[in-house]
Amino acid sequence: MRSADLTNAATFQVIPDNLQTLFETFDEFAQAGVLRRLGPALARFMASLGMQDPAQLLACTLLSELEGRGHSCLILQELADDPCGLLGWKSAQWQALAELAQPLPNGSNEWRARLSNCPHIWLAQTQADQQQPLVLDQDRLYLRRYWTDESNVAKAIRARAGSQRTVDLALAKHWLNKLFDSNDLSAKSAESAESASAPDWQKIACAIALRSQLSIITGGPGTGKTYTVARLLALLFASAAKPENLRIALAAPTGKAAARLKQAIDAALQELSDKVGSALPLAQLSNRMGAARTLHSLLGARPDTRLFAHHSGNQLDLDVLIVDEASMVHLEMMAAILAALPASTMLILLGDKDQLASVEAGAVLGDLCRDAEAGGYNDQTLDYLSSSCGVKLPAQFRGDAAAMGQQTVMLRQSRRFGGPIGKLALAVNSGNSAAAVASLRAGDSSNLHWITQAQSKQILELALNGRSGAEGGYRSYLSLLNQQPRVYADPASLVAEHELWALQLLQRFESFRILCAVREGAWGVAGLNTAIELALESQKLIKRHTEWYIGRPVMITRNDHGTGVYNGDIGICLPDPLRADAPRVYFLEGQTVRSVLATRLREVVTAYAMTVHKSQGSEFSHTVLVLPEVASPVLSRELVYTGITRARSNFTLVTPVASVFEEALKRRTLRASGLTGLLA
Ligand SMILES: Nc1ncnc2c1ncn2[C@@H]1O[C@H](COP(=O)(O)OP(=O)(O)OP(=O)(O)O)[C@@H](O)[C@H]1O
């Protein structure tokens with residue numbers, strides 16, 4: 001059901017008198033921003049179908065609210081036990097609605113019984129399905145669309161994870177030993193004795209991936225997910241009957257992540273090619289893969305519809321699909337990918353399970369990786385690992401994880417992310433706020449810095465000049481902006497020189513970024529972008545005579561297939577070298593640029609500062625994370641972890657009130673879903 005359907009339906013209903021006050025209060029909550037508007041609209045739609053029980057209508061409104069916050073469903077036990085905790089509301093707010101919906105069910109069984117009474121809610125598995133708009137599955141209430149997606153994802157995952165590919169064990173062992181040469185490994189990374197004796201999870205991940213049509217390689221930043229998957233591709237290439245026919249696609253949720261994946265895989269294959277020499281023609285493999293694509297483009301997104309060109313009736317023609325940054329793949333997209341893949345296609349998901357999930361409903365990677373940390377490998381997996389790559393796993397990783405757990409491998413050693421930033425990320429990820437605070441306060445580290453009682457002028461100084469010991473700020477970008485490229489009489493040379501300048505500008509801009517936890521307020525994206533623009537203007541670093549001023553960095557906020565720009569793409573507004581009055585926005589495309597007429601871009605925002613959510617899939621040399629003055633439900637451990645792990649060399653934390661950092665670490669972003677239960 002779409003929001004437009006709901007709004008239209010809402011126009012025609014007649015609300016009975018006894019429910020008027022309840023609906024007025026819903027509307028007041030929506031006006032105050034406590035509820036999103038779609039919640040009351042869904043309740044009105046259900047009332048128009050004949051739902052009259054205030055408790056049922058309240059559940060509908062809350063379901064819509066929670067789905068807007070990324071949950072796939074409303075868990076009745078949570079609603080019954082702690083409605084304020086579930087919604088992040090004050091007790092008075094809950095009481096105001098609860099009183100109008102009296103008598104409220106007492107406990108989750110009563111809630112279930114009350115909802116079961118409604119003919120517009122389908123009791124999954126126990127009744128004939130009449131395509132009702134809502135579904136009650138055990139103690140989870142869903143909008144039909146999410147229930148369908150979740151059930152389909154669970155079914156497809158179970159089938160794929162349980163599938164068996166024939167593996168030539170001797171061949172696999174030969175190549176795995178060649179590709180993961182242990183001498184080479186210890187030479188390259190200055191490992192401690194402990195990590196040198198740890199299982200080679202990268203080798204294990206390749207072996208595991210080889211035996212089924214689905215596998216997950218998860219790990220924090222720099223743990224070698226791309227390094228591993230490049231070796232897996234080499235292994236598949238080496239073991240294919242006709243390697244020249246292998247159809248491989250690389251994809252990621254955003255254009256930037258896709259470009260990074262392709263670059264990293266090409267670099268890893270190149271390095272590997274030097275190592276294995278003529279035994280494997282890896283350059284051929286690299287050429288065959290083509291460019292990495294966004295998932296939207298791979299599936300054939302079409303304007304003005306959620307439907308894709310590729311689906312269960314018109315599947316993709318692929319042998320292997322690698323999806324990077326899988327933590328950003330939401331439930332609906334995962335369902336679409338799985339539907340569009342033939343059963344014979346091997347799907348490999350790469351991502352960091354601890355990162356923020358996408359804004360949309362579902363935290364699929366997190367759900368699928370439930371057993372990743374513990375391992376939980378059963379005897380069959382242990383035997384397989386021993387015969388395919390000679391690895392004997394320590395007892396602590398043995399167990400009886402479900403089929404998906406047997407196909408999931410967590411990489412545990414970061415290769416480029418040690419040092420103070422790595423330690424901080426580890427402490428934050430484990431919720432150890434004392435260790436996190438200690439590493440932030442550790443002193444004059446140039447890698448890490450914390451401005452505890454920040455004032456707005458400090459953030460403007462960072463935005464302009466970075467800080468001592470940590471390059472950054474936009475000054476170097478702006479100084480290159482003010483050095484116009486050389487002018488040529490010949491148009492081709494003029495354009496080439498201009499594009500080179502645009503490329504260098506984009507690369508400089510990408511080396512520094514201010515990330516915010518929230519959108520609104522002085523410490524949110526909107527407030528900071530305005531303040532930074534004013535500061536740059538007052539220093540005469542930019543001239544803002546129009547919306548499309550030269551040097552304006554923008555982020556696309558909605559996919560637009562017409563212009564080929566996608567949500568999250570970052571571009572810079574520059575003059576057209578051939579028509580000074582028609583500014584264009586330039587976007588990075590691998591090692592080149594492409595541009596779109598600025599006036600054709602409808603959904604954009606200025607991007608000196610951006611949300612942590614939108615920064616996923618990107619890394620910056622120097623990352624500044626700005627937390628707001630007061631803690632809110634969006635401020636969580638996962639958000640802080642995601643922000644920190646965007647930093648390659650330098651990280652600066654900015655908090656107007658220091659305690660907000662520790663409060664954020666106490667809060668987890670847990671998303672309600674039935675997926676883990678369905679996969680158990
Ligand atoms: N076993 C290894 N031996 C030597 N170097 C390695 C090994 N594994 C990874 N590396 C190196 O560590 C760096 C990080 O690896 P890689 O980019 O594959 O990590 P990642 O997990 O994909 O990172 P990201 O966080 O960007 O997704 C690369 O330079 C890679 O070549």
Side-chain angles (χ1 to χ4, degrees), residues 175-192 195-207 209 215-235 250-254 256-276 282 292 322-329 348-356 365 369 372 389 391 408-419 421-422 424-426 429 510 615-621 623 641-649 651:
W175 279 107
L176 282 166
N177 286 339
K178 208 170 170 68
L179 295 167
F180 292 94
D181 177 342
S182 54
N183 295 333
D184 182 40
L185 190 76
S186 50
K188 276 193 174 175
S189 48
E191 294 172 79
S192 64
S195 57
S197 66
D200 186 346
W201 292 108
Q202 297 182 332
K203 190 180 194 180
I204 293 171
C206 283
S215 60
I216 297 179
I217 304 176
T218 184
T223 46
K225 298 178 289 293
T226 327
Y227 177 97
T228 305
V229 92
R231 275 154 176 77
L232 172 62
L233 287 174
L235 186 60
L250 307 178
T254 66
K256 200 183 295 167
R260 274 188 59 207
L261 172 65
K262 172 70 176 155
Q263 263 173 22
I265 288 213
D266 279 350
L269 286 176
Q270 176 61 51
E271 186 233 297
L272 206 50
S273 173
D274 298 342
K275 188 169 154 175
V276 295
L282 291 177
I322 291 165
V323 178
D324 197 10
E325 300 292 348
S327 58
M328 294 163 74
V329 179
I348 297 136
L349 302 174
L350 309 179
D352 181 350
K353 68 179 175 58
D354 296 318
Q355 269 192 40
L356 275 177
L365 189 74
C369 288
C389 58
V391 169
T408 302
V409 178
M410 178 171 146
L411 307 183
R412 295 153 200 259
Q413 185 195 347
S414 187
R415 311 276 165 174
R416 68 165 149 71
F417 206 69
I421 301 180
L424 174 64
L426 216 62
N429 200 16
E510 285 302 301
S615 73
Q616 286 185 83
S618 301
E619 279 180 358
F620 315 99
S621 278
T623 298
Y641 171 76
T642 306
I644 294 169
T645 53
R646 301 309 89 211
R648 252 198 314 270
S649 313
F651 174 74

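FYI, the numbering just counts along the sequence from 1. Atoms within each ligand, like the ligands themselves, are counted from 1 in listed order.
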request  = Would you check if T254 and E325 make a side-chain contact, meaning some heavy-atom pair closer than 4.5 Å?
outcome  = no
request  = Would you check if L250 and D324 make a side-chain contact, meaning some heavy-atom pair closer than 4.5 Å?
outcome  = no
request  = Mark yes or no for whether R646, through its side chain, and F620, through its backbone, hold a donor-acceptor pair below 3.5 Å.
outcome  =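 Not confirmed, R646 side chain does not pair with F620 backbone.
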task = Kindly write out the residues that satisfy side chain to side chain contact (heavy atoms under 4.5 Å, CB included) with T223, not counting sequence neighbours, or none if the list is empty.
result = K225, L411, S414
request  = Take every heavy atom of R260, measure it against each atom of ligand 1, and state whether any distance is under 4.0 Å.
outcome  =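 Heavy atoms of R260 do come under 4.0 Å of ligand 1.
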message = So for A264, does at least one of its heavy atoms come nearer than 4.0 angstrom to any atom of ligand 1?
response =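 Flag not set, A264 not near ligand 1.
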Does any N or O of ligand 1 fall below 3.5 Å from an N or O anywhere on [X], backbone included?
| X | result |
| --- | --- |
| K225 | yes |
| Q202 | yes |
| E325 | no |

inquiry  = So if I count the atoms of ligand 1 from 1 in the order they appear, which ones are less than 4.0 Å from some heavy atom of T226?
reply    =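 Answer for ligand 1: 17 (O), 18 (O), 20 (P), 22 (O).
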message = Show me which atoms of ligand 1 lie under 4.0 Å from any heavy atom of P221.
response =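 Per the distance check, 25 (O).
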Candidate with minimal heavy-atom separation from atom 9 (C) of ligand 1, of E619, R415, R646, Q263 = R415
inquiry  = Measuring from atom SG of C389 to atom CD of Q202, what distance do you get when rounded to the nearest 0.5 angstrom?
reply    =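 Those atoms lie 12.5 Å apart.
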task = If a pair satisfies side-chain hydrogen bond (donor to acceptor under 3.5 Å, both in side chains) and one of its residues is in residues 259-270, list it, with sequence neighbours excluded.
result =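 Listed once each, the pairs are K262-D266, D266-S286, Q270-D274.
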